Q: 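My structure is below; once you've seen it, I'll send some questions.
In what follows, every heavy atom counts, from backbone to side chain, and hydrogens, waters and symmetry copies are set aside. Keep in mind the model is a prediction, meaning the values are calculated, not measured.
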Amino acid sequence: MAALAAVAVVTAAPASADTADEVPVGTKLAARTHPAVQLTSLTYSGEVVVPTSQVRQGPFQQLVEDATQAVIAGKIPSDERSIAKFLFQRMAADVDRYLEPVTPERTAKAQVGGMCTGWWVTPDGYMVTGAHCVELNDDELSQTFAQQALQKFNKQDAKEIINGLQGIEADKELLELAQQVYVTFNTNHLQIRGLQKSLSVLQSLPGGGVDKTAKEVPAELVSVGESYPGKDFALLKVNGQQNLPTVPLGDDADVQTGNTLYISGFPGLVTNTPWFSVESKLDPALTEGPYNAKRTTQEGVPYIQTQAPSYHGNSGGPVFSRAGKVVGMLIAGTVSENGEASENESFVLPVSVIKEKLNEKNIKPSASMTTTKYNEALDDFFLRHYKDALPKFREVQALFPSHPYVAKYITDSQQAISSGKDETPQPMWVWIAIGAGALVVIGGGLLLLLVLRRRGKASASPQGQASAPSYGGGPFPGPNGASYPAQVGAGYGQQPVNGQVLPQGWQPQSLPPAGGDAQRSGGGYEPPRPGGYDPQRPGEGVEPQRPDGATQYVRPAPSPYAQQPGRPQPSQAVPGQAPAGSDAPQVADLEREIAELRRQLQHRQPDA
């Protein structure tokens, strides 16, 4: 029972850690994966060159004649504003028919680009992202420069043409129509000189944390596929890196229709807005939604359709299963006619394609020691084992000083310990020691209980009874086949006294003769005999002493060597002797002698 109690203590004590509230899957997944998810930047810079525009007189006069006929036919109102709207709409539909490029050229320095999402797959700096996140084709590049670098020229040209229409007030509607004409013209005739392209990753601060001073680290383009709907994959390499946090790759079979998918990345609606701080812009967002269906493009490329929301800027972001492994990469989403993203239709490139592209470059995804230790620390943190988590978080900080989140976890763990919220269980060796101590205490208690019980029995034994200790072992053969206890010389120097063997150190007292039997040989004491008292047999015929209360007094057992040669046996009648019980005074004397002997033996203590 004591052992079972100790084992129960050892096994039950650590169970208190399970009482912590269950942490949501998304919370754990975000904590584990966000350190490996980074904001990427694609930047193009150069000199933008656009020509001056000039109206082609012939086509433009024909356009004016068409407007006049439309007024006569009642197709448009006859006021000058309505006629101007008609002219601008026709010109925007076929700009190069009505406008031609001429000198002088106009130039402007410009820098354009965009933000996407990438994620580390190796501790030494290989990153996965989308192909359309690392390069733009010529048409896309012209459109991007036109949108971001030509606004000044477009507004200037629109005002000049409206001013050429005498008597027409340039209201907002007419200005927008005129601008559309020149947006098309300037984009079609735009040239970019001295074009330079750069790729970078926005890393966090050394020591942990992110803020507006976070720097862009250059990245090298290692491999690039085809933009959506092709295999939209790109591989980057950031040199001089080690112990980077990474995320594990799963398999296509890890998820199927109905499973929940989790997308991590940087939505452009946050990254590009002026309302949020730079610190918060560098923190990934996590969205989730069901796996709707598996699709295949006309080029034969597989894609997963999901309802997990995504936006511009999420492109290239990892998509996770519930188990926290990458099952794909967010590539595209549907866009409405006004350019707004549709939250219920996102498309994910499966992880099998990502593995295929990595194998082509012989890149083997692997977990860093930073990630391993960080995940172990998070496990303890979410179990409220803050004392166990704290040294592991510090080890992560030592392995990767630029870790963006570990500094906050260190602070949170310290505060939780200080406020008494820690639920770290004692080490197993402590519980084993406690169990062993419990066994010792219980065993000692049981031993003490046994000793006390034996002493209680000893104190309850008959008073005056001398229990002869066994010195020297068992009986030895005596004369005539009889047996007797160990004799003098067995190591204890004991001598028989009036038939009693005294322990070592006891001295025989001068006692009255036992019934005056001076002729008794061998000093042996004959046992009581029935039928009266014999002068040669002291103690025979004595009435047994009655018990005194709970204590019972017992006469000494017969001596096995009391039968000496020439002495009659107890069962034999001795001729010429008085019958037993005929000498009562001698019996009384013997009684007194025996009592005195017992009293003296009781008060003596044997030497050890």
Q: When you check the gap from the basic side-chain N to the acidic O, do Arg295 and Glu345 get nearer than 4.0 Å?
A: no

Q: Does Lys294 have more than 12 heavy atoms from other residues, nucleotides or ligands lying within 6.0 Å of its NZ?
A: no

Q: Is the CD atom of Glu299 crowded by more than 12 outside heavy atoms at less than 6.0 Å?
A: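 Count over threshold, so yes.
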
Q: Nearest 0.5 Å please: distance from the CG atom of Leu136 over to the CG atom of Leu141.
A: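 The CG atom of Leu136 sits 6.0 Å away from the CG atom of Leu141.
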
Q: To check you understand the geometry: which heavy-atom pair defines the closest contact between Lys361 and Ser223, and what is its length?
A: CE-CB, 3.7 Å

Q: Could you pull out the closest heavy-atom pair between Ser315 and Cys116, with the gap in Å?
A: O-CB, 3.5 Å

Q: Take atom CD of Glu105 as the centre, draw a 6.0 Å sphere, and report whether it contains more than 12 heavy atoms from other residues, nucleotides or ligands.
A: yes

Q: Measuring centre to centre across the rings, with the benzene-like ring taken for any Trp, is Phe393 within less than 6.0 Å of Tyr409?
A: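 Ring-ring flag for Phe393/Tyr409: true, centres closer than 6.0 Å.
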
Q: If you measure only the distance, is there a donor-acceptor pair under 3.5 Å linking the side chains of Asn292 and Thr306?
A: no

Q: Given the rule in the side chain to side chain contact (heavy atoms under 4.5 Å, CB included) test, do Cys133 and Leu42 qualify, once you have shown the distances and angles that lead to the verdict?
A: CA-CA 7 Å; Cys133 293; Leu42 169 64; over 6 Å; no

Q: Among residues at least two apart in sequence or on other chains, which ones pass side chain to side chain donor-acceptor pair (under 3.5 Å) with Gln241?
A: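 Expected list: Gln203.
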
Q: Hey, is Asp66 close enough to Lys75 for a salt bridge, meaning N to O under 4.0 Å?
A: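 Judged by the 4.0 Å cut-off on N to carboxylate O distance, Asp66 and Lys75 do not form a salt bridge.
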
Q: From Leu221 CG over to Glu135 CD, what is the distance, rounded to the nearest 0.5 angstrom?
A: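 Leu221 atom CG to Glu135 atom CD measures 7.0 Å (nearest 0.5 Å).
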
Q: Just verifying a value: how many Å separate Ile76 CD1 and Arg81 CZ, rounded to the nearest 0.5 Å?
A: 13.0 Å

Q: State whether the side chain of Asn259 and the backbone N or O of Gln256 hold a donor-acceptor pair below 3.5 Å, judged by distance alone.
A: yes

Q: Can you see whether Glu65 engages Gln69 through a side-chain donor-acceptor pair at a distance of less than 3.5 angstrom?
A: yes

Q: Please work out whether the ring planes of His403 and Tyr405 are parallel, tilted or perpendicular, with thresholds of 30° and 60°.
A: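 Rings of His403 and Tyr405: perpendicular, over 60°.
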
Q: For Asp138, does the CG atom have more than 12 heavy-atom neighbours from other residues, nucleotides or ligands under 6.0 Å away?
A: no

Q: Going from OH on Tyr386 to CD on Gln415, what distance comes out if it is rounded to the nearest 0.5 angstrom?
A: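 The distance works out to 11.0 Å.
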
Q: Among Val224, Asn137, Ile331, whose side chain to side chain contact (heavy atoms under 4.5 Å, CB included) with His132 holds?
A: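 Of all the options given, the one that passes is Ile331.
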
Q: Step by step, work out the side chain to side chain contact (heavy atoms under 4.5 Å, CB included) result for Trp120 and Gln38.
A: CA-CA 8 Å; Trp120 303 114; Gln38 302 288 306; 3.4 Å; yes

Q: For Gln111 and Ser45, which I'm curious about, is there any donor-acceptor pair between the side chains at under 3.5 Å?
A: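 Checked: Gln111/Ser45 side chains show no N/O donor-acceptor pair below 3.5 Å.
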
Q: Identify which one of Thr260, Thr33, Val327 satisfies the side chain to side chain contact (heavy atoms under 4.5 Å, CB included) criterion when paired with Phe320.
A: Thr33

Q: Does Ser200 use its side chain to pair, donor to acceptor, with the backbone of Ala219 at less than 3.5 Å?
A: no

Q: Under the criterion side chain to side chain contact (heavy atoms under 4.5 Å, CB included), I'd like the reasoning laid out for Phe233 against Leu358: C-alpha separation, chi angles, the key distance, then a yes or no.
A: CA-CA 10 Å; Phe233 168 91; Leu358 290 174; 4.1 Å; yes

Q: Do Thr129 side-chain atoms and Thr117 backbone N/O form a donor-acceptor pair below 3.5 Å?
A: yes

Q: Can you check whether Leu390's main-chain N or O pairs, donor with acceptor, with Ser413's side chain at less than 3.5 Å?
A: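 Absent.
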
Q: Please step through ring pair (Phe, Tyr, Trp, His ring centres under 6.0 Å) for the pair Phe347 and Tyr303, ending with a clear verdict.
A: CA-CA 6 Å; Phe347 295 96; Tyr303 274 90; 7.2 Å; no

Q: Looking at Lys325 and Asp254, is there a salt bridge between them, counting it only when a charged N and a carboxylate O are closer than 4.0 Å?
A: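 So Asp254 does not pair with Lys325 through a salt bridge.
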
Q: Output yes when Lys408 and Asp412 qualify as a salt bridge under the 4.0 Å nitrogen-oxygen rule, no when they do not.
A: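 Judged by the 4.0 Å cut-off on N to carboxylate O distance, Lys408 and Asp412 do form a salt bridge.
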
Q: Do Arg32 and Asp379 sit within salt-bridge range, that is, some charged N less than 4.0 Å from a carboxylate O?
A: yes

Q: Would you say Thr122's side chain and Tyr126's backbone share a donor-acceptor pair under 3.5 angstrom?
A: yes

Q: For His385 together with Phe381, are the ring centres under 6.0 Å from each other?
A: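 No - the distance between ring centres of Phe381 and His385 does not fall below the 6.0 Å cut-off.
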
Q: Charged N to carboxylate O below 4.0 Å: is that the case for Glu226 and Lys231?
A: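 No, no charged N to carboxylate O under 4.0 Å.
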
Q: Tell me, with the steps shown, if Thr144 and Tyr44 meet side chain to side chain contact (heavy atoms under 4.5 Å, CB included).
A: CA-CA 10 Å; Thr144 304; Tyr44 287 95; over 6 Å; no

Q: When you compare the side chains of Asp79 and Ser82, does any donor N or O come within less than 3.5 Å of an acceptor on the partner?
A: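 Distance-only check passes for Asp79 and Ser82.
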
Q: If you measure from the Lys or Arg side-chain nitrogens to the Asp or Glu carboxylate oxygens, is any gap between Asp124 and Lys237 under 4.0 Å?
A: no

Q: Could you measure the distance from the CZ atom of Arg106 to the CG atom of Asn186? Nearest 0.5 Å is fine.
A: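 Reported to 0.5 Å precision, the distance equals 5.5 Å.
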
Q: Write down the atom of Ser264, the atom of Val37, and the distance for their closest heavy-atom approach.
A: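 Heavy atoms of Ser264 and Val37 come nearest at OG-CG2, 3.6 Å.
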
Q: Answer yes or no: is there an ion pair linking Asp251 with Lys355, defined by an N-O contact shorter than 4.0 Å?
A: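 Yes, charged N to carboxylate O under 4.0 Å.
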
Q: Where is the tightest heavy-atom contact between Ala67 and Ile83, given as atom of each residue plus distance?
A: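 Scanning both residues completely, I find the closest heavy atoms to be CB-CG2, 4.1 Å.
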
Q: Mark yes or no for whether Asn314, through its side chain, and Tyr311, through its backbone, hold a donor-acceptor pair below 3.5 Å.
A: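 Yes; at least one donor-acceptor contact below 3.5 Å.
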
